[in-house]
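Heads up, the thing below is written out as structure tokens.
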Amino acid sequence: AFYYRAFSQMNANDWGQAITYFKIFHAEYPQSELDQEVIYQIGEAYYNDKQYAAAIIWYRQVQEPDLKPRSLYNIAWSLVQLNRTDSAMVFFQRVATDYPKSDFAVFSQFTVGDYYYNKKDYKHAVPAYKKVVERYPGHELATKAGALIKEIGEIESYRAYAAAMVYFDDEDWPRAIEELQKVLVKYSKNNVAIGAMVNIGSAYEQLGKYQKALEYFEIGRASCRERV
């Protein structure tokens, strides 16, 4: 009776009463096959009641294999709500690594990528997103992760291009050529590639190396035509 009363209170969003009835059931029937579900639901009720620390305590007690990844996932979000994001990432990563076939794995892995992306830590964001793309092809989050990887590539290419252009603006033509060529090699398929080619040509022109300048101008024009 307590079990069904508890769910009735959950459906009514009366979290306090639901917790009370679930705890009574848990205390009186600890050996019941429903006990793990009850423990999980106590965590859910506390989470919905915004008592996140209490929710974590109950989620941690869940050992049922079918409920374990969901519990770890909810622990992660509880920690996010408590502004303990770094700790939350440990649990998101655990879900993604230990339970890769669970319904929560793709969301966990994508959240790890988002965490690093929002911190502008692209070095770690890209590998996290790549795991989403590789492990869950066809999933909508894999498509989104792929787009974000491309976006990060553009961001990093513009950063590298801007750094190289400092030498160009300082009229340090040999160093400008060196750094812009690095950009061109690493980001040949990004939007900055054409700008790098043109400015390498301009730097060679300033050095009086007109034939080399012309080569890069021609390559730049050809690339422009290909991208139109």
Side-chain angles (χ1 to χ4, degrees), residues 47 52 59 65-166 168 178-200 216 219-228:
Y47 185 94
Y52 303 114
Y59 285 138
D66 290 342
L67 294 172
K68 189 68 173 180
R70 187 187 311 176
S71 298
L72 294 171
Y73 184 74
N74 290 345
I75 288 173
W77 280 113
S78 298
L79 289 166
V80 170
Q81 297 293 341
L82 292 169
N83 294 317
R84 295 170 58 190
T85 313
D86 290 348
S87 297
M89 289 309 113
V90 174
F91 285 91
F92 282 127
Q93 193 64 70
R94 184 175 170 188
V95 174
T97 302
D98 294 350
Y99 303 93
K101 295 183 179 180
S102 75
D103 293 339
F104 303 93
V106 61
F107 298 102
S108 294
Q109 187 62 58
F110 188 84
T111 302
V112 172
D114 272 355
Y115 167 71
Y116 288 118
Y117 177 89
N118 291 328
K119 290 181 69 176
K120 295 183 170 55
D121 183 353
Y122 302 129
K123 180 180 178 181
H124 290 95
V126 169
Y129 284 138
K130 280 185 177 179
K131 287 180 181 178
V132 176
V133 173
E134 293 166 359
R135 293 176 181 175
Y136 310 101
H139 195 285
E140 61 179 346
L141 287 180
T143 302
K144 189 173 181 180
L148 287 166
I149 290 170
K150 185 176 180 180
E151 179 185 318
I152 290 169
E154 290 296 332
I155 291 170
E156 292 188 323
S157 70
Y158 277 110
R159 283 181 173 178
Y161 179 72
M165 285 300 291
V166 170
F168 188 94
E178 179 184 349
E179 296 303 319
L180 286 167
Q181 284 177 332
K182 289 179 183 177
V183 172
L184 192 55
V185 169
K186 188 171 184 179
Y187 301 106
S188 61
K189 295 182 180 180
N190 294 84
N191 293 330
V192 298
I194 294 174
M197 292 175 198
V198 171
N199 284 308
I200 290 171
Y216 277 93
I219 295 171
R221 275 195 288 270
S223 295
C224 282
R225 287 195 294 269
E226 289 175 2
R227 299 188 185 206
V228 171

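Values below: every heavy atom of this structure, side chains too, minus hydrogens, waters and symmetry copies.
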R70 and V95, any side-chain heavy atoms less than 4.5 Å apart: no

Residues Q109 and Y136: side-chain donor-acceptor under 3.5 angstrom: no

Side chains of Y47 and Y59 in contact at under 4.5 Å (non-hydrogen atoms): yes

Contacts of type salt bridge (charged side-chain N to carboxylate O under 4.0 Å, His left out), residue K182, not counting sequence neighbours: E178, E179

Contact between Y216 and L180 at the side-chain level, heavy atoms closer than 4.5 Å - yes or no? no

Between Y161 and N199, is there a side-chain donor-acceptor contact under 3.5 Å, judged purely by atom types and distance? yes

Minimum side-chain heavy-atom gap I152-Y116 below 4.5 Å: no

When rounded to the nearest 0.5 Å, the distance separating OG1 of T85 from CG of N83 is 6.0 Å

A side-chain contact here means heavy atoms from C-beta on lying under 4.5 Å apart; do V183 and N190 qualify? no

Working to the nearest 0.5 Å, report the span between CE of M197 and CD1 of I200. 8.0 Å

Between OG of S102 and CG of L67, what distance do you get to the nearest 0.5 Å? 12.0 Å

List the atom of V133, the atom of G146, and the distance in Å for their closest heavy-atom pair. CG2-N, 3.7 Å

Side chain to side chain, V106 and R135, heavy atoms closer than 4.5 Å: no

Measure up the F104 and Y73 rings against each other and bin them: parallel (under 30°), tilted (30 to 60°), perpendicular (over 60°). tilted

In the structure I gave you, are the side-chain heavy atoms of Q93 and Y115 within less than 4.5 Å of one another anywhere? no

Counterpart residues, side chain to side chain contact (heavy atoms under 4.5 Å, CB included), relative to K186 (two or more places apart): none

Nearest 0.5 Å, what's the NZ-NZ distance between K189 and K150? 11.0 Å

Can you tell me if NZ on K68 sees more than 12 non-hydrogen neighbours from other groups inside 6.0 Å? yes

Pairwise distance CD1(I194) to CG(L184) - rounded to 0.5 angstrom: 10.5 Å

In this structure, is the centre-to-centre distance between the rings of Y129 and F110 below 6.0 Å? yes

Grab the two heavy atoms, one from P100 and one from A105, that are nearest each other, plus how far apart they are. O-CB, 3.4 Å

For D98, which residues count as a salt bridge (charged side-chain N to carboxylate O under 4.0 Å, His left out) partner, sequence neighbours excluded? R94

Does a side-chain heavy-atom distance below 4.5 Å link Y52 with V80? no

Plane angle bin for H139 and F107 - parallel if under 30°, tilted between 30 and 60°, otherwise perpendicular: perpendicular

Separation between CZ of R159 and NZ of K120, rounded to the nearest 0.5 Å: 8.0 Å

Verify side chain to side chain contact (heavy atoms under 4.5 Å, CB included) between R221 and V198, making sure each step is shown before the conclusion. CA-CA 9 Å; R221 275 195 288 270; V198 171; over 6 Å; no

Quick one: closest heavy-atom pair of A193 and S188, and the distance? CB-O, 3.4 Å

